[in-house]
Student: 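One structure follows; several queries about it will come next.
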2 protein chains.
Amino acid sequence: MRILIVEDEPKVASFIRRALEEESYAVDVCSDGIQGRDLASEVDYDLIILDLMLPGLPGIDALKAIRDAKVATPILILTARSKVDQRVKGLDAGADDYLTKPFAIEELLARTRALLRRASGDSTGLLQVDDLILNPTNHEVTRGGQRIDLTSKEYALLEYMMRNSGRVLTRPMIAEHVWDLDFDTFTNVIDVYISYLRNKIDRGYDRGLIHTVRGSGYTLKLTDA
Amino acid sequence: MRILIVEDEPKVASFIRRALEEESYAVDVCSDGIQGRDLASEVDYDLIILDLMLPGLPGIDALKAIRDAKVATPILILTARSKVDQRVKGLDAGADDYLTKPFAIEELLARTRALLRRASGDSTGLLQVDDLILNPTNHEVTRGGQRIDLTSKEYALLEYMMRNSGRVLTRPMIAEHVWDLDFDTFTNVIDVYISYLRNKIDRGYDRGLIHTVRGSGYTLKLTDA
DNA sequence: GTCTTCGACGATCAGAATACGCATGGTGAC
DNA sequence: GTCACCATGCGTATTCTGATCGTCGAAGAC
């Protein structure tokens with residue numbers, strides 16, 4: 001989740017930034033409307049927090065510019081308590097929400113959650129090793145941008161390995177996590193599925209991501225130089 | 001456009017009512033939370049304005065009850081300026097916006113416009129995947145402009161899938177959201193309803209929107225190239 | 001140190017067994 | 001009649017088995 005703050009008062013900006021970063025959002029700050037507008041169209045933010053009282057390009061114009069650029073990111077505007085008119089214009093210009101200064105930081109966080117939840121396509125939680133990417137929410141797997149179709153066992157195995165990439169995973173560990181508890185130890189299904197995965201994921205790459213650790217198990221990682 | 005006001009102070013209620021009626025909205029007023037909750041689930045409002053400081057059922061509980069009743073209508077809550085905590089809880093409980101008393105009437109109108117626009121026109125409110133459009137406020141579903149009639153179970157399933165389009169939805173997830181809690185796991189109702197939906201939505205299209213994810217569940221999305 | 005041998009371990013394949021998803025028809029409630 | 005739900009049976013993708021083949025590396029010979 002990446003958030004842009006457009007705010008000229010350094011104190012306020014860093015105050016908000018810290019609060020958001022504590023909630024583990026990625027935060028960018030810029031201090032004027034022109035820069036804000038440009039950043040907003042270059043970077044795909046999840047939320048923009050925009051102070052309407054800015055030097056240079058007035059906030060309301062920056063807001064309109066962003067919306068004119070077809071940026072659909074939710075926008076939360078900050079205004080002075082007294083400027084009712086400004087807020088009204090802001091909402092009509094396409095802001096999704098506003099806060100009046102001064103505000104309680106807790107409130108800002110709540111509004112942030114609300115806006116993000118509303119807009120959520122939830123793309124967080126991507127697993128990535130080298131150019132292999134796995135999206136747990138839609139079970140989509142790609143390598144180098146190329147989609148890879150996996151059966152559900154193959155997928156489960158790969159997800160487990162990606163969540164533990166770098167570690168050596170023994171057969172019992174894999175069995176426990178990917179297969180049932182009453183897993184028959186005297187079978188080679190795991191080897192078979194590793195083989196299936198290699199075919200679908202590492203085939204054609206001279207440096208595969210799935211490595212055999214003889215005598216122990218398997219590991220998924222970037223081949224070290 | 002029909003709006004419900006839940007407000008116990010007669011003066012405030014009629015003040016808001018008059019302002020909204022001047023903007024030619026249809027306005028209903030009730031004075032307590034229980035009645036408000038019932039009305040909200042009986043009538044298909046476009047917006048609910050809910051005072052959090054009510055006698056009887058506290059406003060926050062009324063709010064939760066309304067959301068629990070699967071009412072998707074945008075809700076604007078009114079709170080006292082000082083009660084930051086209440087506002088935060090309100091937003092987290094599913095309110096879409098709030099105003100602090102006392103407020104300028106002009107501001108209420110602006111927020112009303114913003115919420116209604118959001119609910120009907122663009123980002124939030126209307127659910128859309130490809131040319132399939134679902135309007136939660138009136139349960140209307142169209143594909144390619146063509147109206148589609150759904151039974152209520154079919155509708156509930158589709159709405160859930162559209163709200164989570166792109167994600168893989170497992171049978172337990174679907175059961176929990178669309179069926180009761182005491183759902184019998186050993187039946188194939190879900191499969192059957194998926195089949196019904198496919199017949200009504202994807203029939204005639206060579207690229208359907210409902211996809212089976214073998215071994216996991218189903219997902220609703222645009223077929224990727 | 002290097003080469004060869006040998007056994008253990010891992011990879012792979014094809015076919016069998018299984019589980020899964022889907023269509024369809026039927027039942028009961030309203 | 002309509003709607004929600006259930007049960008059966010079928011075709012097929014997926015999973016698993018078992019056998020064979022390949023490979024790694026330790027140990028001994030030189």
Side-chain angles (χ1 to χ4, degrees), chain A residues 139 141 147-161 168-220 223, chain B residues 70 139 141 148-161 168-206 208-220:
Chain A
H139 290 207
V141 177
R147 270 216 52 180
I148 297 175
D149 271 336
L150 299 179
T151 72
S152 75
K153 261 278 143 49
E154 289 164 357
Y155 172 83
L157 175 57
L158 180 62
E159 180 176 342
Y160 176 60
M161 294 186 79
V168 173
L169 304 172
T170 66
R171 271 166 251 263
M173 285 164 76
I174 294 173
E176 188 179 335
H177 284 93
V178 180
W179 272 264
D180 300 328
L181 294 168
D182 58 337
F183 178 79
D184 178 11
T185 330
F186 300 99
T187 175
N188 68 337
V189 225
I190 295 176
D191 305 43
V192 171
Y193 272 85
I194 290 287
S195 168
Y196 290 163
L197 270 188
R198 282 212 247 244
N199 271 328
K200 294 191 176 180
I201 285 168
D202 281 341
R203 163 155 294 176
Y205 293 78
D206 45 335
R207 305 225 137 194
L209 297 176
I210 299 175
H211 304 269
T212 304
V213 182
R214 204 155 218 277
S216 301
Y218 300 95
T219 184
L220 183 83
T223 315
Chain B
K70 299 272 160 75
H139 289 207
V141 177
I148 297 175
D149 272 335
L150 299 178
T151 71
S152 75
K153 260 279 142 47
E154 288 164 358
Y155 172 83
L157 175 57
L158 181 62
E159 179 177 341
Y160 177 59
M161 294 186 79
V168 172
L169 304 172
T170 65
R171 270 165 251 262
M173 285 164 78
I174 294 173
E176 188 180 334
H177 284 92
V178 180
W179 272 264
D180 299 327
L181 294 169
D182 58 338
F183 177 80
D184 179 10
T185 330
F186 300 99
T187 174
N188 68 339
V189 224
I190 295 177
D191 306 40
V192 171
Y193 273 85
I194 290 286
S195 164
Y196 292 162
L197 270 187
R198 281 213 247 246
N199 274 328
K200 294 192 175 178
I201 285 168
D202 281 341
R203 164 155 293 176
Y205 293 78
D206 45 333
L209 298 176
I210 299 175
H211 303 268
T212 304
V213 182
R214 203 157 213 278
S216 299
Y218 298 95
T219 184
L220 183 84

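Predicted model, so just to flag it, every value in this text is computed and none were measured. Per chain, numbering begins at 1; letters A, B, ... match sequence-line order.
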Student: If you compare all heavy atoms of A/K200 against all heavy atoms of A/I148, which two are closest, and at what distance to 0.1 Å?
Tutor: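 Distance-wise, the nearest heavy atoms are O-CD1, 3.6 Å.
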
Student: Between D/dC6 atom C1' and B/I194 atom CD1, what is the distance in whole Å?
Tutor: 17 Å

Student: Is there a side-chain contact between A/W179 and the phosphate of D/dC16, meaning an N or O under 4.0 Å from OP1 or OP2?
Tutor: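 So the side-chain polar atoms of A/W179 do come within 4.0 Å of the phosphate oxygens OP1 or OP2 of D/dC16, strictly under.
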
Student: As a test of reading the structure: which of C/dA11, C/dT12, D/dC6 is closest to the side chain of B/V189, going by heavy atoms?
Tutor: D/dC6

Student: Could you check whether the rings of A/Y193 and A/W179 sit parallel, tilted or perpendicular, using 30° and 60° as the cut-offs?
Tutor: perpendicular

Student: Between A/S195 and C/dA11, does any side-chain N or O lie under 4.0 Å from OP1 or OP2?
Tutor: no

Student: Looking only at side-chain N and O atoms, does B/R214 come under 4.0 Å of OP1 or OP2 in D/dT15?
Tutor: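 No, no such contact exists.
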
Student: For a quick check, tell me whether the side chain of A/N188 and the base of C/dT12 share a donor-acceptor pair closer than 3.5 Å.
Tutor: yes

Student: If only side-chain N and O atoms of B/R198 are considered, is one of them under 4.0 Å from the OP1 or OP2 phosphate oxygen of C/dA23?
Tutor: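 B/R198 to C/dA23 OP1/OP2: no side-chain N or O under 4.0 Å.
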
Student: Distance check: side-chain N/O of A/S216 vs OP1/OP2 of C/dC9, anything under 4.0 Å?
Tutor: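 False: A/S216 side-chain N/O out of range (4.0 Å or more) of C/dC9 OP1/OP2.
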
Student: Taking only side-chain nitrogens and oxygens of B/T151, does any of them come within less than 4.0 Å of OP1 or OP2 of D/dC3?
Tutor: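 No, because none of the side-chain N or O atoms of B/T151 sits under 4.0 Å from OP1 or OP2 of D/dC3.
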
Student: Between D/dA7, D/dT17, C/dG10, which nucleotide gets closest to the side-chain atoms of A/V192?
Tutor: D/dT17

Student: Select one nucleotide: of D/dC16, D/dC6, C/dG10, the one nearest the side-chain heavy atoms of A/Y193.
Tutor: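 Selected nucleotide (nearest to the side chain): D/dC16.
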
Student: Less than 3.5 Å between a donor and an acceptor, one on the side chain of A/Y196 and one on the base of C/dC13, is that the case here?
Tutor: no

Student: C/dC9 phosphate, OP1 or OP2: any side-chain N/O from A/T212 under 4.0 angstrom?
Tutor: no

Student: Can you tell me if the side-chain N/O atoms of B/K153 get under 4.0 Å from OP1 or OP2 in D/dC3?
Tutor: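 Negative; the distance criterion is not met.
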
Student: If an axis is fit to five pairs at each end of the helix from C/dG1-D/dC30 to C/dC30-D/dG1, what is the angle between the two, to the nearest 10°?
Tutor: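 That helix gives 30° between its end axes.
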
Student: Mind calculating the distance between CD (B/E154) and C1' (D/dC3) to the nearest angstrom?
Tutor: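 Spelled out: CD on B/E154 to C1' on D/dC3 is 9 Å.
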
Student: So, is A/T187 near the phosphate of D/dG18, with a side-chain N or O under 4.0 Å from OP1 or OP2?
Tutor: no

